[in-house]
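A quick write-up on the structure given underneath.
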Amino acid sequence: EVQLVESGGGSVQAGESLKLSCGTAGFSFGSLDMGWYRQLPGKECDLLATINSAGRAYYSGDVKGRFTISQENAKKVVFLQMNALKPEDTAVYYCAADPSASWNIPVPCRSPRYGHWGQGTQVTVSS
C-alpha cells in the first residue's frame, strides 16, 4: 500500500517561508510521479505542483515562481518549498503519488481517482 506522510506545516506571517516534507513508503520511488494538492477553506482540492522521476516540475499559475517542488531519491522524500507566502495560501496541503487532476479544475480531496494521498498538513498565513 502506498503510504505518504506530510510534515512541516505551521503558522507564519505573510512574506515568510515554509518547507513541507512528504515521506513515502509502499511503492518503488520513481515509478510514480509525485505532487502536491491543497484545500483552501471550504473548497475542494487544487493541484499545485508535480514532479516526474527525471525531476521535471510543473506548477499551477498561482504558485509559479513562489513554490518549488523537489525530491531526494535516496531518502524517498518529496519537498515543497513555499516562499513569499500570502494569507490566501492558508490551506491544508496534501502530498500525492500519481496525481492525475487537471490543472485549474478542483477535485474532491483524498479521492483515489486523483492519486494516492497523505493525511494533510495545515499551513496558516497571517497578515
Side-chain angles (χ1 to χ4, degrees):
E1 289 287 323
V2 173
Q3 297 179 29
L4 306 170
V5 180
E6 302 94 334
S7 61
S11 298
V12 298
Q13 293 185 324
E16 295 184 339
S17 299
L18 279 176
K19 189 173 185 178
L20 306 182
S21 298
C22 174
T24 73
F27 67 102
S28 178
F29 194 81
S31 67
L32 301 175
D33 293 349
M34 302 298 298
W36 292 88
Y37 289 97
R38 74 179 176 188
Q39 182 179 30
L40 300 177
K43 304 293 186 180
E44 294 192 315
C45 276
D46 298 301
L47 182 62
L48 296 183
T50 62
I51 188 167
N52 68 15
S53 62
R56 172 74 74 173
Y58 297 89
Y59 301 92
S60 67
D62 55 353
V63 305
K64 178 76 172 180
R66 297 191 299 123
F67 291 11
T68 302
I69 187 171
S70 62
Q71 59 197 357
E72 188 169 339
N73 292 331
K75 296 183 178 179
K76 302 191 294 183
V77 176
V78 181
F79 303 99
L80 185 68
Q81 177 68 49
M82 305 184 294
N83 296 327
L85 284 163
K86 306 174 181 179
E88 50 262 47
D89 294 319
T90 294
V92 177
Y93 286 73
Y94 295 93
C95 180
D98 198 23
S100 60
S102 298
W103 300 106
N104 305 313
I105 301 178
V107 301
C109 300
R110 300 175 181 169
S111 170
R113 175 174 178 170
Y114 298 105
H116 305 276
W117 300 68
Q119 84 287 349
T121 187
Q122 176 72 45
V123 171
T124 301
V125 184
S126 60
S127 61

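What you see is a predicted model, and the numbers here were worked out from it, not measured in a lab.
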Does any non-hydrogen side-chain atom of [Y] lie less than 4.5 Å from one of [X]?
| X | Y | result |
| --- | --- | --- |
| R110 | Y94 | yes |
| Y114 | P108 | yes |
| F79 | T68 | no |
| V107 | R113 | no |
| V63 | R38 | yes |

Reported [atom1]-to-[atom2] distance for the pair [X] and [Y], which is rounded to 0.5 angstrom:
| X | Y | atom1 | atom2 | value |
| --- | --- | --- | --- | --- |
| K75 | T24 | NZ | OG1 | 13.0 Å |
| F27 | H116 | CZ | NE2 | 8.0 Å |
| N83 | R66 | CG | CZ | 9.0 Å |
| D33 | S53 | CG | OG | 7.0 Å |
| S70 | E72 | OG | CD | 8.5 Å |
| S11 | Q122 | OG | CD | 7.5 Å |

Flag, side chain of [X] to backbone of [Y], donor-acceptor distance under 3.5 Å:
| X | Y | result |
| --- | --- | --- |
| R56 | T50 | no |
| T90 | V125 | yes |
| E6 | G120 | yes |
| Y59 | I69 | yes |

- Message: Among D89, V123, L80, which residue satisfies the side chain to side chain contact (heavy atoms under 4.5 Å, CB included) criterion with L18?
- Response: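 Looking at D89, V123, L80, the match for L18 under the side chain to side chain contact (heavy atoms under 4.5 Å, CB included) is V123.
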Check for me, please, whether [X] and [Y] land in the same ILVMFWY cluster - side-chain distances under 4.5 Å, paths through other members count.
| X | Y | result |
| --- | --- | --- |
| L47 | V2 | no |
| M82 | M34 | yes |
| Y93 | I51 | yes |
| V12 | F67 | yes |
| L20 | V77 | no |

Non-hydrogen atoms of [X] and [Y] that approach each other most closely:
| X | Y | value |
| --- | --- | --- |
| S100 | G115 | OG-N, 4.2 Å |
| Q39 | A91 | O-CB, 3.1 Å |
| L32 | A97 | CD1-CB, 4.1 Å |
| A14 | S127 | CB-CA, 4.3 Å |

- Query: For the residue pair Y37 and W117, does the interplanar ring angle fall in the parallel (under 30°), tilted (30 to 60°) or perpendicular (over 60°) class?
  - Reply: parallel
